[in-house]
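In what follows, a structure is listed as structure tokens, so that the remarks can point back to it.
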Amino acid sequence: MTDSFFHEGDLVGVLTAQPLDRLLDYKAPEGGCHLGAFVEVPLGPRKVLGVVWGAGKGDYDRAKIRPVIRVLDVAPMRDEMRVFLTRAAEYTLTPLTAMLRLATRAPGLGEAQSMRKIYRLGDQTPDRMTDAREKVLGVLRDYGGLSFTLSEVAEMAGVGTSVVKGLVKLGAVSEEEAPRDVPYPQLDPDYGGKALSTDQAAGAETLRAALRSDTYGTTLLKGVTGSGKTEVYLEAVAECLRMGRQALVLLPEIALSGEFISRVEARFGMKPAEWHSGVTMTERRRCWRMVGQGDAQLVVGARSALFLPYQNLGLIVVDEEHDTSYKQEDGVLYNARDMAVLRAAINGAQVVLASATPSLESWANVEAGKYQRLELTSRFGAAVMPKMAAIDMRVEDVPGGTWVSPTLRGAIQKRLEKGEQSLIFLNRRGYAPITLCRACGHQIGCDHCDARMVEHRFLKRLMCHQCGETKPLPTNCPSCDAEDRLSAVGPGVERMGEEVTALFPEARIAVLSSDLYGSARAMKAHIEEIAQGGTDIIIGTQLVAKGHNFPLLTLVGVIDADLGLQGSDLRAAERTFQLMRQVAGRAGRAETPGEALLQTYQPEHAVIRSILAGDEESFWAAEASERKAAGVPPYGRMAGIILSSPNVQEVFDLGAEMARMDGPLRQIGAQVFGPAPAPIARVRGRHRVRLLVKAEKSAPLQQALAKWARQFRLPNNLRMAIDIDPQSFY
Ligand code: ADP
Ligand code: ZN
């Protein structure tokens, strides 16, 4: 396969990223092309990008077949990447063309490499040396073989660009033209390793041995926050680099911080390649190209970094593997954690899934013997897991319209006196979840969705958390026109800010919620400042549960531990368990032990009890046996089908027809539930109907779903999305 070459005029089948359901035939261009070559082909009046996917079918008038315009100057797609995209497309029931789009999301791939001037040490010595000149030459000497742009050299040396240009004239610095997309600097696997604790060292050695086996394998690396999981998996990265293979570290988008990149730099001496939404377009193109030609050894990125064209991928780390943001919820519905395992299996690579609170899926795969498990049992250094206790809200005296119990208030007071930080956690953005008219009982809803508008007092607007629509807070009720009778019901973080300020007027208080910041950068800067001790009481949403370090924090108060338990989501218990443990894990990171207090109206609930007991194994075992009994993931298979259209009648009609014509599903023993209005029955003006398909673990679900879905003709404007292993049920 690898060597397949098509000579000029041979028919080739080209996959494009256009929404077509087949390969297109073209003639190989002058000079021929390899299988996997990226090419530009004519499509109607346009030129589009494609990949030579195989021989052409030739079932078409040969005279009308047009030639490939040209072969692009990028590394051809490797066989294993074609296999990966094909299998991922089959698994997620996504057209291959859409998978190719995911794999080519870098600008300017079709363009020739542009050039720029770069500078390195020349062979002449200037006859007159100045401080400024010495600085420039010093920097270039320190970085030996590397070359830099004019502004980089000037900046590193702390001099003006004219000094550098002067040295060029004297021949002391050489100036050359080079392609704009340059290789990433070499990482040194032996640069900055830390002395590891005994169980860290044992973990690192297990991972290194797995890598040396040169075969596929997945390891669940479990350990509380602060136990050193990152240190340990960076050792696996180091081994991968020593072997000359490429490594990928996936993080949830929100955890991709400068702090993490600096840590990698401290470990390997140089920065890795980055791939996420904050990266400039030029840098994206560089990353894509360099990964493809093996000139980026390590990529740190968000989930779509999985679709980069690695030449020799040896390791994929999925940090915070339980994080729901690994599931892409629009476009191609894929779970990056699962796709990482697929990709590694095809490549003979290792996967490390790191988490303090693994998903039940991964836990079950360990139980089934598919993954190996590594555990770091204690926190590094002095810190220990916080003490956890419930506050029974049934016996607390909490005045109406407030949410902080006297017990929690007392605990915060103690921290204030000792100069320690407290965190009040409430997973609800905005001021209040409901705006109610006291005169007629009307609740203000979104005009486009069946969702309530949430008051954001900071923005002075109401906002729909479904579609993002906002409108000013009216003074009169939109339903009965009564004046000044609208009132906020229930708490959001902004409202908690008010309550806590009233309780502790002297304290420095910060509310952390994504919509209070103009940019992710502004938010990160503020979080840094808070971590340094600039705040006494932090009030936050789940943002704070994700990977930030607050060394002075010793108390976490959870306002409503019951919140997550109310949904109809099959993972509600698991998510609550993970979130509560992650939040609690924020307390007591440095030398001072922490305490976590959970306000709850149901302290005897099994999930709350196992959170408090810190007994994870029993929680997982109980949760597993419930899901086994119900035949749901990970012990059974599920797919969600969402039909949506502006026309309510059409979605229900098609839903009913699909439920009736379930032959292909019954053949594999699968059941269809629904149609039912989706929990949020209208989003952005589209009515949504949901069907749920359940099958046994071993059933060939995708094939049956594809056969089933093919039976129906979709009216214009009606969309059908099939979600394999749905994570969210809205
Ligand atoms: P996790 O990824 O499990 O949350 P980290 O790897 O981030 O844990 O470690 C937590 C903190 O402890 C980090 O600041 C890290 O640098 C430090 N740390 C962990 N292990 C060691 C070690 N062996 N030597 C020095 N510092 C360590
Ligand atoms: Zn809306």
Side-chain angles (χ1 to χ4, degrees), residues 189-208 219-239 247 249-252 254-269 272 298 300 315-323 326 337 351-359 362 373-386 423 524 527-528 531-533 542-554 556 578-579 581-594 596 614 616:
D190 302 309
Y191 182 81
K194 294 203 167 86
L196 299 182
S197 70
T198 316
D199 64 344
Q200 287 176 348
E205 185 44 39
T206 308
L207 293 180
R208 280 195 293 265
T219 305
L220 178 63
L221 174 61
K222 183 172 174 309
V224 294
T225 317
S227 58
K229 294 183 295 297
T230 311
E231 296 298 333
V232 170
Y233 74 61
L234 288 180
E235 291 312 306
V237 170
E239 189 68 9
V249 174
L250 289 179
L251 293 172
I254 198 157
L256 275 161
S257 60
E259 187 192 334
F260 187 84
I261 299 294
S262 308
R263 222 173 138 176
V264 172
E265 189 181 5
R267 176 64 187 81
F268 299 114
L298 169 61
V300 173
L315 171 69
I316 307 174
V317 176
V318 185
D319 200 351
E320 312 273 2
E321 67 92 29
H322 62 277
D323 198 288
Y326 281 122
R337 178 193 61 216
V351 179
V352 175
L353 304 176
S355 175
T357 52
S359 61
S362 298
R373 169 167 169 167
L374 265 182
E375 189 138 1
L376 302 176
T377 44
S378 57
R379 285 189 169 185
F380 183 75
V384 288
M385 254 327 247
L423 164 69
K524 277 170 184 156
I527 291 178
E528 276 309 299
Q532 308 295 323
Q542 67 176 358
L543 254 186
V544 296
K546 298 202 175 174
H548 303 294
N549 268 349
F550 298 103
L552 302 174
L553 184 73
T554 62
V556 169
Q578 286 163 342
L579 192 58
R581 288 200 49 105
Q582 299 256 324
V583 171
R586 297 292 117 211
R589 301 259 305 172
E591 270 65 59
T592 336
E616 290 173 81

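Remember, it's a predicted structure, so these values are computed and weren't measured experimentally. As the structure lists them, so they are numbered: ligands from 1, and atoms in each ligand from 1.
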**Item:** Contact check, Gly223 vs ligand 1, heavy-atom distance below 4.0 Å
**Value:** no

**Request:** Report yes or no: does a heavy atom of Val224 sit under 4.0 Å from some atom of ligand 1?
**Result:** yes

**Prompt:** If you count the atoms of ligand 1 from 1 in the order shown, which ones are under 4.0 Å from a heavy atom of Leu196?
**Reply:** 23 (N)

**Request:** Report, in ascending order of atom number, the atoms of ligand 1 lying under 4.0 Å from any heavy atom of Ala195.
**Result:** 22 (C), 23 (N), 24 (N)

**Prompt:** Considering residues at least two apart in sequence or located in another chain, which fulfil the side chain to side chain contact (heavy atoms under 4.5 Å, CB included) criterion with Thr206?
**Reply:** Gln372, Leu374

**Request:** Just do the salt bridge (Lys or Arg N to Asp or Glu O under 4.0 Å) check on Lys194 and Glu235 with the steps written out, would you?
**Result:** CA-CA 10 Å; Lys194 294 203 167 86; Glu235 291 312 306; over 6 Å; no

**Item:** Heavy-atom donor-acceptor pair, Tyr233 side chain to Leu221 backbone, under 3.5 Å
**Value:** no

**Side-chain donor/acceptor of Gln200 to backbone N/O of Ser227, under 3.5 Å** = yes

**Complete:** Closest to atom 7 (O) of ligand 1 (heavy atoms only, candidates Glu231, Lys229, Glu320, Arg263) is Arg263

**ligand 1 contact on Lys194 by region, counting heavy-atom pairs under 4.0 Å** = side chain

**Item:** side-chain hydrogen bond (donor to acceptor under 3.5 Å, both in side chains) involving Arg373 - partner list, sequence neighbours excluded
**Value:** Glu375, Glu617

